Amino acid sequence: MTNDNKFCHFCGVSITANSFAQKEGIYCCESCFLKEKEFRAVEVARDNAYLALTEALASALDIREHETGLHSKRVACHTLLLARSYTDDNEKLRQVYWGSLLHDIGKIGIKDAILLKDGPLTEAEWKEMRKHPELGHTILSAATFMKDAADIVMCHEERYDGSGYPNGLAGEAIPWSARIFSVIDTLDAITSDRPYRRGASFDKAKAVILRMAGSQFDPEAVDVFVSEEKTLREMVALKCGHASLDDIFKE
Ligand SMILES: [Fe+2]
């Protein structure tokens, strides 16, 4: 006799004809179904706590940099949109969101006199500023649940042609998540308002991004940017990203 190789979704025991079937899966008994529900509730609470902490850290940095328009949150939401063209794995998408949100967290370790300098940086000041990806990576490395997010933090200033920093990585040596982030960071830098100027149009940003495909940007990431242009235009016009946690982590 065969039982069609079915196993309880929670405890994994082999299932009989009298099993407990639910839309979430088949269970050997009601107790296993209820236990799994409980586990899932704990996971959702944990994700919400991680997200709230990460967003709080990112907004602390935005405030220190005198950013008024939720820059970190916007680039995280916009990068997440492009990331969905690469994967539908929720854990990978979480890492992309967290890494994008905290991309500049290493700037916490840069002196105000450099970070907030009103005017061009000297070569020595740039040397300091260029340390921020590694500082950020060190900060996030302490949190094992942010391992892949830390890769974005480390590589977000790299350029496709190898002219970026801190390691001068080129092409696919740069994680795909950092390659799409880079396109979005430029979109946000061009289209958002600054104290000394109004943000430029989406079309202006798009022209810059297309011009730098193959040099600063990965051509494939630029193609994905173009394929999501309609949604990105709407998000940029709204000056925000997604409305809720459910939108961020679609199950
Ligand atoms: Fe940066």
Side-chain angles (χ1 to χ4, degrees), residues 1-60 72-73 75-103 105 136-156 172 174-181 184 220-221 224 227-228 231 241-251:
M1 278 289 282
T2 173
N3 60 10
D4 292 333
N5 292 324
K6 286 187 176 150
F7 302 95
C8 174
H9 203 255
F10 181 68
C11 75
V13 301
S14 186
I15 280 182
T16 67
N18 299 322
S19 59
F20 190 77
Q22 295 292 306
K23 68 177 172 14
E24 292 84 354
I26 302 175
Y27 301 83
C28 62
C29 61
E30 186 176 10
S31 170
C32 269
F33 168 66
L34 292 174
K35 273 187 205 152
E36 186 169 271
K37 261 187 120 170
E38 205 178 302
F39 271 52
R40 289 222 182 284
V42 170
E43 278 178 2
V44 169
R46 181 205 63 191
D47 284 347
N48 284 341
Y50 284 168
L51 188 68
L53 270 173
T54 313
E55 291 189 343
L57 253 180
S59 62
S72 300
K73 173 112 188 191
V75 293
C77 291
H78 298 178
T79 303
L80 189 67
L81 174 72
L82 301 200
R84 290 208 175 94
S85 295
Y86 289 75
T87 181
D88 57 6
D89 180 322
N90 272 333
E91 186 47 40
K92 285 187 181 148
L93 291 171
R94 280 180 179 83
Q95 297 289 324
V96 169
Y97 185 77
W98 287 334
S100 306
L101 199 60
L102 297 176
H103 65 282
I105 199 67
H137 186 265
T138 303
I139 292 167
L140 287 207
S141 293
T144 50
F145 65 93
M146 287 222 184
K147 188 183 169 299
D148 292 342
D151 288 343
I152 299 185
V153 175
M154 181 65 136
C155 299
H156 77 276
E172 297 195 1
I174 306 167
W176 62 264
S177 48
R179 282 181 265 144
I180 55 172
F181 170 83
I184 291 298
E220 189 184 325
V224 174
S227 73
E228 294 293 347
T231 310
H242 291 268
S244 72
L245 191 66
D246 289 342
D247 289 329
I248 294 167
F249 301 140
K250 285 177 185 160
E251 292 299 334

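Worth saying up front: this structure is predicted, and the values here are computed from it rather than measured.
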What closest approach, in Å, do [X] and [Y] show between heavy atoms, and which atom pair accounts for it?
X    : Y    : answer
R40  : H9   : NH2-CE1, 4.0 Å
A221 : R179 : CB-O, 3.9 Å
C11  : C8   : N-SG, 3.4 Å
V75  : H103 : CG2-CE1, 3.7 Å
Y27  : I15  : C-CD1, 3.9 Å
D151 : P175 : CB-CG, 4.2 Å

Around atom [atom1] of [X], are there more than 12 heavy atoms of other residues, nucleotides or ligands at under 6.0 Å?
X    : atom1 : value
E172 : CD    : no
D89  : CG    : yes
F145 : CZ    : yes

[X] side, atom [atom1]; [Y] side, atom [atom2] - distance, nearest 0.5 Å:
X    : Y    : atom1 : atom2 : value
T231 : H78  : OG1   : NE2   : 10.5 Å
I180 : L80  : CD1   : CG    : 8.5 Å
H156 : I184 : NE2   : CD1   : 14.5 Å
L102 : H137 : CG    : NE2   : 13.0 Å

Could you go through I152 and D148, starting from their C-alpha distance and side-chain angles, then the distance that decides it, and tell me whether this counts as side-chain contact (heavy atoms from CB on, under 4.5 Å)? CA-CA 7 Å; I152 299 185; D148 292 342; over 6 Å; no
Within a strict 4.5 Å, meaning less than it, do heavy atoms of the [X] and [Y] side chains meet?
X    : Y    : value
Y86  : V224 : yes
L53  : L57  : no
L81  : C77  : no
Q95  : S177 : no
Y97  : L51  : yes
L82  : W176 : no
L140 : W98  : no

Taking E38 first and then K35, would you say they form a salt bridge - that is, a charged N and a carboxylate O separated by under 4.0 Å?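 So E38 does not pair with K35 through a salt bridge.
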Test side-chain contact (heavy atoms from CB on, under 4.5 Å) on V153 and M146 and set out the steps. CA-CA 10 Å; V153 175; M146 287 222 184; over 6 Å; no
Between F10 and K37, is a side-chain contact (heavy atoms from CB on, under 4.5 Å) present by the stated rule, with each step listed? CA-CA 10 Å; F10 181 68; K37 261 187 120 170; over 6 Å; no
